[in-house]
Amino acid sequence: MGTNSEMYKQRCLGNTFSTLAGLVFDWTIVKDSEAGGFSDSHNALRILPFLESTYIPPSYISEMEKAAKQGDTVLVSGMRTGSSKLKARLQEAVYKNVHPAEVTLLILENILLNPAHDVYVMVGTSLHYKVQKIRQGKITELSMPSDQYELQLQNDIRGPEGDPGRPVAVLAQDTSTVTAMQLGQSNLVLGHRSIRMQGASRLPNSTIYVVEPGYLGECGHPGSSWVLLG
């Protein structure tokens with residue numbers, strides 16, 4: 001992601017710079033003291049030279065990079081899930097009284113829930129869920145329970161004759177298995193264990209509908225043919 005210094009265009013006296021092109025900045029990644037659960041959160045992010053990417057920056061940024069300098073625009077890359085702070089400071093001594101600007105960035109993984117769709121099951125049915133992530137086009141399965149993620153059943157809605165003392169479904173955390181207990185519906189949500197990350201992302205979820213069976217079907221294999229050979 002590209003990050004620029006719009007926050008520096010306005011000075012504390014209300015004056016506004018027309019451009020920041022050519023000004024030298026110091027960009028640093030600092031530890032986010034509020035990132036609970038991520039002791040090495042500052043390692044979640046790195047500053048990436050534009051020359052090492054497919055992004056095309058303004059021409060003056062390219063020239064500054066060739067001189068080993070940083071301008072008002074930088075490129076950052078997420079290395080792992082977590083939270084980091086990016087700090088920018090004007091390098092020239094004349095701006096020493098201008099406070100640095102900081103922005104907190106949350107780095108999230110591309111997470112999938114499998115099955116990813118809503119499901120309809122009967123009472124007594126058990127369903128095993130998998131948590132998967134996509135990285136560089138490759139899907140890998142996460143081991144659950146995880147120190148970063150947890151599955152939760154929420155918002156039980158029981159059927160008209162449901163027992164209020166029993167849940168619609170129960171979740172076995174050690175196997176990521178949901179078992180339907182009575183008619184109704186419940187939401188299975190994948191959440192972050194870190195409170196800081198919980199409200200910042202939209203992780204996958206699925207609705208489990210526990211219903212009466214509607215019909216009974218038969219299917220012949222192989223070939224799904226109704227003509228069976230003896």
>> Between Q91 and D26, is there a side-chain donor-acceptor contact under 3.5 Å, judged purely by atom types and distance?
In response: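 A donor-acceptor contact under 3.5 Å links the two side chains.
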
Donor-acceptor pair, distance only, cut-off 3.5 Å: does the side chain of [X] make one with the backbone of [Y]?
X	Y	result
Q182	V123	no
R89	T28	no
E65	F50	yes
W27	G71	yes
D156	V168	yes
T177	L127	no

>> Is there a side-chain contact between I47 and L86 in this structure, where contact means two heavy atoms from C-beta onward sitting under 4.5 Å apart?
In response: yes

>> Side chains of I29 and V76, heavy atoms from C-beta outward: is any pair under 4.5 Å?
In response: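 Of all side-chain heavy-atom pairs linking V76 with I29, none is under 4.5 Å.
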
> Got more than 12 heavy atoms from elsewhere within 6.0 Å of CD, Q154?
Replying inline: yes

> When rounded to the nearest 0.5 angstrom, what is the spacing between CG in L51 and CD1 in I61?
Replying inline: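 If I round to the nearest 0.5 Å, the distance is 11.5 Å.
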
> Taking the six-membered ring for Trp, are the ring centroids of Y209 and Y120 within less than 6.0 Å of each other?
Replying inline: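 Between Y120 and Y209, which both carry aromatic rings, the centre distance is below 6.0 Å.
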
> What's the shortest heavy-atom distance between P167 and M181, and which atoms?
Replying inline: O-CB, 3.3 Å

> Considering all heavy atoms of both residues, which atom of S176 and which atom of M144 are nearest to each other, and what is their separation?
Replying inline: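 Nearest pair, atom of S176 first, then M144: OG-CB, 3.6 Å.
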
